[in-house]
Amino acid sequence: MCELSVIEQGAMLITGERISQVGSLAEIDSLIGADCEVIDAGGRVVLPGFVDAHTHPVFAGTRAGEFEERASGATYQEIAARGGGIQSTVRSTRRATLDELVAAGRRYANWFLRTGTTTVEAKSGYGLTVEDELKILRAIKVLDSQTALTYIPTFLGAHDIPSEYKSRRDDYVSLLVEEMLPQVAAEKLAEYCDVFCEEKVFTRDESRRILLAARSLGLGLRMHADQLSFSGGAKLAAELGTVTADHLEHTNAEGIAALRSAQVQPVLLPGSVYALGSSRYPAAREMIDAGLAVVLATDFNPGSSPTPAMTIVLSLASTQMKMTPAESITAATINPAYSLNRGRQIGSIEPGKLADFVIHDCEDYRELSYFFGIEHPWKVYASGRQSQKPQVFN
Ligand code: NIG
Ligand code: FE
């Protein structure tokens, strides 16, 4: 993870939407034909577009009021227990039309792109009825086709037990397994299924039932595990051989060893730890030292992590989790690409891959996490086309 294969004075040739050659400027220079458009990066850092492998980008409304309440001392769990939190976003998302969700989502798509992200994994989970979950997944499909950002959809109907099912939770699990999942699979609306396995949300047994049903329908598996408490989520992820186990703030050494032997990729979300005002960051160092292909993601959502900016996550990874800038970049590009089954298409600058890349306005990649709170991208390209105008000039 600490080897970035930096090419000094590098250049690349792009044909259509793909990279065709990568090398030193001296090597590429002779290939520049009269019909080529030359983009001079001016000695700036060129990186693959970030691949954000855990986001919740389709929802209505915000939770700025809860943010203020937390600043005054209330906890995320207290707010959830009185019907706020995820349930509050579910109420507003149910009221929204498909077009309204797409309009809100377009705004966030721009935020992702301008902060250097070209692919997001996108979860549903604020509908929690057949109709509303499908509405969110359809909005994700529209956003994928209408914006320069690529969306990889994940069904997260198991994000919470909706209030109308609180006294009959088994019925909601049956609805997920017998109705929602088959429809999602039949309409090919998701590649992955995720479950929020957590005390007071979905138990390990419920999570297992949902994930096994998803697997039998051909979906890949991801999991919210051990986020707010130790629920044995990492062990369940290892038992099922999910592709990823996400969060892992409370995972112990045994859980890390289980992930290692089952080759489950950890997806770490320090933005949510930060935004919840917690200091309990996941044990990234232990995971990397155990040989796990760690992924960093934003967890962009209206409650626990309202940031789309991977560079903020890179900063937190170095300051709070002791990952080096090089490890963080690997965890934000090629590792997440593999976790999304896109390792051969995106996540690095290599011939044959999609020309998803960002010219950052700095000359040293370590500045991306060192100078934090500013937007580094100078130009952003998705599939060979510039999606963002220059923002900053030196
Ligand atoms: O990943 N953990 C569950 N889901 C989100 C929170 C969603 C919300 O608060 O709206 C998360 O942190
Ligand atoms: Fe999440």
Side-chain angles (χ1 to χ4, degrees), residues 52-67 69-70 74-94 96 101 104 108 120-128 132-133 136 140 152-163 192-202 207 210 221-231 233-234 237 242-251 266-278 280-282 295-308 313 316 336 339-340:
D52 190 343
H54 183 135
T55 82
H56 308 246
V58 175
F59 53 86
T62 72
R63 304 227 295 273
E66 290 182 5
F67 176 73
E69 284 180 58
R70 291 207 308 274
T75 68
Y76 182 77
Q77 286 99 320
E78 281 164 11
I79 293 170
R82 65 171 116 99
I86 293 173
Q87 296 293 339
S88 120
T89 301
V90 166
R91 285 191 293 276
S92 42
T93 305
R94 283 180 178 175
L101 291 179
Y108 305 133
V120 295
E121 180 261 13
K123 302 176 194 297
S124 67
Y126 292 116
L128 313 185
D132 292 304
E133 283 297 306
I136 295 169
I140 291 171
I152 301 175
T154 292
F155 172 64
L156 179 58
H159 196 190
D160 202 358
I161 308 271
S163 49
Y192 293 93
C193 176
D194 188 348
V195 173
F196 189 11
C197 179
E198 181 71 47
E199 203 181 301
K200 303 209 179 88
V201 195
F202 291 91
S207 302
I210 297 160
L221 308 183
R222 316 179 86 82
M223 236 182 103
H224 280 70
D226 300 331
Q227 178 187 8
L228 304 169
S229 60
F230 176 72
S231 57
T242 58
V243 180
T244 66
D246 302 37
H247 280 289
L248 307 175
E249 287 86 339
H250 289 80
T251 301
V267 179
L268 308 183
L269 309 161
S272 65
V273 181
Y274 168 77
L276 289 178
S278 160
R280 184 151 187 152
Y281 286 88
V295 172
L296 288 168
T298 60
D299 195 15
F300 176 66
N301 74 69
S304 64
S305 195
T307 181
V313 171
L316 290 169
S339 87
L340 291 164

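Whatever order the structure lists ligands and atoms in, that order sets their numbers, starting from 1.
- Residue-ligand proximity, Gly303 to ligand 1, at heavy-atom distances under 4.0 Å covers atoms 9 (O), 10 (O).
- At least one heavy atom of Ile86 sits closer than 4.0 Å to an atom of ligand 1.
- In terms of protein heavy-atom proximity, atom 12 (O) of ligand 1 is closest to Ser304 OG, 2.5 Å.
- Ile152 pairs in a side chain to side chain contact (heavy atoms under 4.5 Å, CB included) with only one of the listed residues (Thr55, Leu340, Val120), which is Leu340.
- A heavy-atom separation below 4.0 Å is not found between Phe59 and ligand 1.
- Of all the atoms in ligand 1, the ones that sit under 4.0 Å from a non-hydrogen atom of Tyr126 are 7 (C), 8 (C), 10 (O).
- Distances from the Fe ion (ligand 2) to the N/O/S atoms of Asp299 are shortest for OD1.
- At a cut-off of 2.8 Å, His54 coordinates the Fe ion (ligand 2) through an N, O or S atom.
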Take Glu133 and Arg94 through the test salt bridge (charged side-chain N to carboxylate O under 4.0 Å, His left out) and record every step on the way to the result. CA-CA 9 Å; Glu133 283 297 306; Arg94 283 180 178 175; over 6 Å; no

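- Side-chain N or O atoms of Thr242 include none that pairs as donor or acceptor with a backbone N or O of Ala245 at under 3.5 Å.
- Looking only at its N/O/S atoms, His224 has NE2 as the one nearest to the Fe ion (ligand 2).
- Residue contacts with ligand 1 include His247, since one or more of its heavy atoms lies under 4.0 Å from the ligand.
- The nearest heavy-atom contact from the protein to atom 9 (O) of ligand 1 is Tyr76 OH, 2.4 Å.
- Between the side chains of Ser339 and Arg222, a donor-acceptor pair is found at a separation under 3.5 Å.
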